[in-house]
Amino acid sequence: MPRSAAGIRVPRVILDLPDQKATLLEDAGTRSLQDALPGLSRIARRQHYRRVIRQVLRLHDLSPEALPPLETPFSPALYHWEHELFITNFLTNTLHMEVTEPLTNLLENCAKRLQQQPQVPVHRDLQSSNILLQRGGPVLIDFQGIRMGAAAYDLASLLCDPYVMLDEADRGALLDDYCAASPQGAAVRAAFPYAAVQRLAQALGAFGRLSANPATARFAHHI
């Protein structure tokens with residue numbers, strides 16, 4: 001599996017025809033981290049995640065100047081869009097709950113905390129289904145949404161993944177691994193709880209929207 005110039009494992013681009021809006025990528029297989037985890041021992045599980053974290057550290061260390069044009073950075077407007085997704089599709093349409101001021105204040109506080117963090121290139125959708133395993137190593141896919149944002153958002157996506165229920169021991173140990181290796185480790189640790197609320201609100205909003213469609217009703221299970 002070729003790496004990017006930054007040493008990040010991603011599928012190789014075989015052919016790129018932007019004028020025809022067509023790109024041919026290397027097949028990285030179908031076995032995801034999500035598929036591999038059931039039945040693994042705690043040691044094996046953490047080994048897989050530590051390999052992923054090494055890739056994420058490389059991504060977060062990239063200079064924006066070394067990257068092609070990215071998506072619009074995380075901003076108050078984008079965080080607010082995620083809040084509205086959660087409120088409309090989960091609280092209102094799925095749970096039929098009234099939206100209260102304390103809840104909206106909580107969400108706004110999470111966004112403010114993340115906006116105050118050092119901004120790095122983030123994957124934005126770093127869940128276990130977007131990490132393929134090839135020859136024992138992780139391959140990152142579905143990275144078209146890379147943008148500048150808080151590193152803690154990626155860590156929350158990975159360690160508070162609705163598809164994989166990591167326990168507190170695993171989550172804490174893996175967060176420790178990232179923070180020990182990152183120059184922004186203290187800031188990431190402080191922001192992690194706020195990033196978890198932000199990311200899981202976004203996920204619940206998406207699941208609420210998807211579960212309302214008979215074709216994707218299976219996502220109700222992940223709520």
Side-chain angles (χ1 to χ4, degrees), residues 1-38 40 44-45 47-75 77-79 81-82 85 118-159 161-164 174 178 181-182 199 202-203 205-207 209-210 213 215-216 218-219 222:
M1 169 59 60
R3 297 171 181 265
S4 71
I8 301 169
R9 287 170 56 93
V10 295
R12 178 169 57 94
V13 177
I14 298 172
L15 183 66
D16 188 26
L17 302 171
D19 292 343
Q20 300 180 37
K21 298 182 179 180
T23 302
L24 180 64
L25 297 175
E26 178 181 12
D27 185 352
T30 60
R31 185 169 179 258
S32 69
L33 179 61
Q34 179 185 356
D35 298 330
L37 291 177
L40 288 182
R45 187 165 60 244
Q47 286 175 338
H48 277 299
Y49 273 91
R50 282 170 175 145
R51 293 186 186 107
V52 176
I53 285 171
R54 286 196 288 271
Q55 298 292 305
V56 176
L57 283 161
R58 291 188 180 114
L59 172 62
H60 292 171
D61 193 45
L62 290 177
S63 167
E65 290 75 22
L67 294 168
L70 303 179
E71 290 293 322
T72 303
F74 267 106
S75 64
L78 181 52
Y79 287 124
W81 180 88
E82 292 187 343
L85 182 75
Q119 303 294 287
V120 300
V122 296
H123 183 286
R124 202 205 169 184
D125 200 15
L126 194 70
Q127 58 197 22
S128 56
S129 59
N130 286 335
I131 300 164
L132 300 181
L133 300 178
Q134 188 180 72
R135 299 172 188 165
V139 179
L140 304 186
I141 63 168
D142 212 12
F143 46 78
Q144 66 274 6
I146 287 179
R147 67 195 65 217
M148 300 303 290
Y153 191 98
D154 270 354
L155 269 292
S157 302
L158 181 66
L159 303 182
D161 182 353
Y163 299 129
V164 177
L174 295 166
Y178 178 94
S182 170
R199 171 63 181 183
Q202 183 275 335
F207 293 156
R209 181 179 61 190
L210 290 165
N213 184 339
T216 52
R218 66 187 183 278
F219 283 95
H222 298 296

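By the 4.5 Å heavy-atom criterion applied to side chains, Pro11 and Phe143 are counted as neighbours. With a 4.5 Å cut-off on side-chain heavy atoms, Leu59 and Ile146 count as touching. The side-chain heavy atoms of Val13 and Leu25, taken from C-beta on, include a pair separated by under 4.5 Å. The shortest side-chain heavy-atom distance between Val120 and Val122 falls under the 4.5 Å cut-off. Between Tyr49 and Leu37 the shortest side-chain heavy-atom distance falls below 4.5 Å. The shortest side-chain heavy-atom distance between His48 and Leu33 falls under the 4.5 Å cut-off. Between Leu158 and Ile53 the shortest side-chain heavy-atom distance falls below 4.5 Å.
For the atom pair CG of Leu210 and OG1 of Thr216, the computed distance is 4.5 Å after rounding to the nearest 0.5 Å. Here the CD atom belonging to Gln134 is positioned 6.0 Å from the CD atom belonging to Glu26, to the nearest 0.5 angstrom. Taken to the nearest 0.5 Å, the CG atom of Leu133 stands 8.5 Å off from the CZ atom of Arg51. The structure places CD of Gln144 at 11.0 Å from OG1 of Thr23, a figure rounded to the nearest 0.5 Å. Considering CD1 of Ile131 and CZ of Arg31, their distance stands at 13.0 Å, rounded to 0.5 Å. Going from atom OH of Tyr163 over to atom CG of Asn130 covers 8.5 Å, rounded to the nearest 0.5 Å.
For the side-chain contact (heavy atoms from CB on, under 4.5 Å) test with Arg199, the passing option among Asp125, Leu126, Leu159 is Asp125; the others fail.
Across all their heavy atoms, Arg9 and Gly137 have their closest contact at NH2-O, 3.4 Å. Closest approach of Pro38 and Asp35 over heavy atoms only: CD-O, 3.3 Å. Here the shortest heavy-atom pairing between Leu57 and Ala181 reads CD1-CB, 3.6 Å. Here the shortest heavy-atom pairing between Leu174 and Arg50 reads CD2-CG, 3.9 Å. The minimum heavy-atom distance between Gln55 and Leu140, with the atom names listed, is CB-CD1, 4.4 Å. Val164 approaches Ser128 most closely through the heavy-atom pair CG2-OG, 3.2 Å.
Proximity of a side-chain donor or acceptor of Arg147 to a complementary backbone N or O of Thr72 within less than 3.5 Å is detected.
For the residue pair Gln34 and Ser32, no side-chain donor N or O sits within less than 3.5 Å of a side-chain acceptor on the partner.
A salt bridge between Glu82 and Arg124 is present, with a side-chain N of the basic residue lying under 4.0 Å from a carboxylate O of the acidic one.
Applying the ring-ring contact (aromatic ring centres under 6.0 Å, His included) test to every pair with at least one member in residues 52-74, sequence neighbours left out, gives these pairs: His60-Tyr178, Phe74-Tyr79, Phe74-Tyr153.
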